[in-house]
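Single-structure report; data block below.
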Amino acid sequence: MTDTQTETLYNAIGGDGTVRALTHRFYELMDTLPEAARCRAVHPADLSGSEEKFYEYLTGWLGGPPLYTDKRGHPMLRRRHFVAEIGPQERDEWLLCFTRALEETVSHPQLRSIILEPVTRLAHHMQNKDE
């Protein structure tokens with residue numbers, strides 16, 4: 001009998017170090033890109049808490065340790081974000097930052113594509129206003 005380990009996206013992209021780099025770069029971009037100003041405006045002044053929560057969530061979502069759910073329970077993402085007005089522009093700016101951060105931190109194009117497709121669907125799901 002052989003012991004096979006399931007390959008996860010978390011492991012395939014490089015594990016904890018890559019997820020940390022991805023989430024850190026994502027919030028750096030959001031904080032500095034003029035074209036992400038509306039997305040940045042719906043976040044708190046100090047992004048460190050948001051960055052940590054996103055790191056925890058993304059770690060588990062990619063198949064790593066369930067950090068977010070262990071600390072905070074079910075993500076209930078739409079419900080937790082309903083306090084922020086997320087329209088098409090905020091959504092697209094968020095996706096711009098995520099896409100750039102992903103391109104900068106995950107070298108394999110197929111892995112980026114595998115990650116980006118459901119993330120894009122999720123971003124559209126998070127939108128809670130038309131304009």
Side-chain angles (χ1 to χ4, degrees):
M1 188 164 145
T2 61
D3 183 23
T4 59
Q5 184 177 359
T6 301
E7 183 67 32
T8 64
L9 284 170
Y10 178 80
N11 291 330
I13 67 170
D16 185 71
T18 303
V19 178
R20 280 262 184 220
L22 171 60
T23 55
H24 183 72
R25 185 62 181 143
F26 169 79
Y27 281 101
E28 267 184 342
L29 290 165
M30 183 192 300
D31 202 29
T32 59
L33 288 177
E35 59 268 39
R38 288 185 62 163
C39 179
R40 175 61 179 95
V42 300
H43 287 80
D46 178 1
L47 291 172
S48 59
S50 298
E51 182 177 331
E52 184 64 17
K53 288 175 190 171
F54 190 41
Y55 157 77
E56 292 168 356
Y57 173 78
L58 206 53
T59 294
W61 183 82
L62 290 167
L67 304 175
Y68 188 93
T69 55
D70 285 353
K71 283 185 182 179
R72 305 172 204 288
H74 191 284
M76 300 180 290
L77 293 178
R78 188 162 162 88
R79 181 174 160 202
R80 291 182 196 260
H81 286 81
F82 210 71
V83 296
E85 290 190 3
I86 302 170
Q89 189 167 353
E90 291 83 5
R91 176 203 66 213
D92 291 348
E93 291 176 8
W94 189 96
L95 280 168
L96 170 72
C97 295
F98 186 85
T99 301
R100 285 194 188 174
L102 187 65
E103 288 170 352
E104 293 178 21
T105 57
V106 176
S107 59
H108 197 287
Q110 188 174 9
L111 290 174
R112 289 195 308 259
S113 177
I114 289 168
I115 293 167
L116 192 55
E117 183 182 333
V119 166
T120 300
R121 284 194 312 267
L122 178 60
H124 282 264
H125 175 70
M126 298 303 291
Q127 182 179 328
N128 58 28
K129 70 175 190 167
D130 290 330
E131 278 301 319

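Everything numeric here is computed off the predicted structure, so don't read it as measured data.
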_For Thr105 against Thr18, the heavy-atom pair lying closest together_ = O-CG2, 3.7 Å

*Residue pair Trp94 / Met30: nearest heavy atoms and the distance that separates them*: CD1-CE, 4.2 Å

Quick check against the 3.5 Å criterion: does [X] have a side-chain atom that pairs as donor or acceptor with the backbone of [Y]?
X	Y	answer
Tyr10	Asp16	yes
Ser113	Pro109	no
Asn128	Ala84	yes
Arg112	Val106	yes
Gln127	Lys129	yes
Arg40	Ala45	yes
Glu52	Gly49	no

When you compare the side chain of [Y] with that of [X], does any pair of heavy atoms fall below 4.5 Å?
X	Y	value
Tyr55	Leu67	yes
Pro44	Ser50	yes
Tyr27	Ser48	no
Thr120	Phe98	no
Met126	Arg91	no
Ile13	Ile115	yes

At what distance, to the nearest 0.5 angstrom, does [atom1] of [X] lie from [atom2] of [Y]?
X	Y	atom1	atom2	value
Ile114	His108	CD1	NE2	8.0 Å
Asp31	Glu51	CG	CD	10.0 Å
Leu47	His24	CG	NE2	10.5 Å
Leu102	Leu95	CG	CG	11.0 Å

Ion pair [X]/[Y], N-O distance below 4.0 Å:
X	Y	value
Arg100	Glu104	no
Arg38	Glu93	no
Glu103	Arg25	no

*Verify side chain to side chain contact (heavy atoms under 4.5 Å, CB included) between Thr23 and Tyr57, making sure each step is shown before the conclusion.*
CA-CA 10 Å; Thr23 55; Tyr57 173 78; over 6 Å; no

*With a cutoff of under 4.5 Å between side-chain heavy atoms, which Ile, Leu, Val, Met, Phe, Trp and Tyr residues group with Leu33?*
Leu29, Leu96

_Taking transitive links into account, so neighbours of neighbours count too, which hydrophobic residues share a cluster with Val42 at under 4.5 Å side-chain distance?_
none

*Start with the C-alpha distance between Leu62 and Thr8, add both sets of side-chain angles, then the distance that settles side chain to side chain contact (heavy atoms under 4.5 Å, CB included), and finish with yes or no.*
CA-CA 7 Å; Leu62 290 167; Thr8 64; over 6 Å; no

*Tell me the salt bridge (charged side-chain N to carboxylate O under 4.0 Å, His left out) pairs involving residues 58-73, sequence neighbours left out?*
Glu56-Lys71, Glu56-Arg72

*Between Phe26 and Phe54, what is the ring plane arrangement, given parallel below 30°, perpendicular above 60°, and tilted in between?*
tilted

